[in-house]
Amino acid sequence: MFMRCSNCGGSLQEFRGLTDDEQRFVRERKPRHTRLGSYYRCAREGCLRYQRLGDQNDGGSFPEPEK
């Protein structure tokens, strides 16, 4: 599915479902709005954005991976 991504300058990007670890991370930060399958992650390489389907303003970014 394609949605506008704030981290990618508001351009349309492909989004994918969250992995189990990503789902746990989002549930800790968005406990009131987290329903199974309601959040998606931008699939563009290097982008850390996740957001709720239908609400581009309800989201955030995953932390930078440890090096």
Side-chain angles (χ1 to χ4, degrees):
M1 98 182 50
F2 287 85
M3 296 188 282
R4 298 208 177 273
C5 177
S6 302
N7 290 13
C8 296
S11 63
L12 280 178
Q13 297 292 330
E14 185 172 0
F15 276 69
R16 62 164 177 79
L18 301 177
T19 65
D20 289 341
D21 287 340
E22 292 169 343
Q23 188 76 256
R24 277 190 288 280
F25 179 89
V26 172
R27 278 193 183 123
E28 290 173 6
R29 283 146 186 85
K30 304 282 185 182
R32 292 184 58 212
H33 298 291
T34 305
R35 283 178 267 127
L36 187 61
S38 61
Y39 282 87
Y40 294 85
R41 180 176 179 165
C42 182
R44 186 182 64 84
E45 186 175 338
C47 186
L48 301 172
R49 176 82 181 162
Y50 66 88
Q51 64 193 40
R52 190 161 48 120
L53 180 62
D55 188 353
Q56 145 182 1
N57 297 316
D58 184 6
S61 293
F62 291 105
E64 292 283 337
E66 295 180 17
K67 298 183 182 192

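Numbering starts at 1 and runs along the sequence shown. Every heavy atom of this structure was used, including side-chain atoms; hydrogens, water molecules and symmetry mates were not.
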Find out if a path of hydrophobic residues (ILVMFWY) with successive side-chain heavy-atom gaps under 4.5 Å connects V26 to L48.
yes

So, do Q51 and F15 sit near enough that their side-chain heavy atoms are less than 4.5 Å apart?
yes

Please determine if R41 forms a cation-pi arrangement with Y39, meaning its NZ or CZ atom is less than 6.0 Å from the six-membered ring centre and no more than 45° off the ring axis.
no

Shared ILVMFWY cluster between L18 and L53, side chains joined below 4.5 angstrom?
no

Which label fits Y50 and F62: parallel for a plane angle under 30°, tilted from 30 to 60°, or perpendicular past 60°?
tilted

At what distance, to the nearest 0.5 angstrom, does CG of D55 lie from CE of M3?
10.0 Å

side-chain contact (heavy atoms from CB on, under 4.5 Å) between N7 and S61: does it pass, once the steps are laid out?
CA-CA 8 Å; N7 290 13; S61 293; 2.9 Å; yes

How many angstroms lie between atom CG of L12 and atom CZ of R44, to the nearest 0.5 angstrom?
13.5 Å

Out of R49, M1, E14, R16, which residue meets the side chain to side chain contact (heavy atoms under 4.5 Å, CB included) rule with Y40?
M1

How far apart are the closest heavy atoms of Q56 and S6, and which atoms are they?
NE2-OG, 3.7 Å

Would you check if the side chain of R52 reaches a backbone N or O of S38 as a donor-acceptor pair within less than 3.5 Å?
no

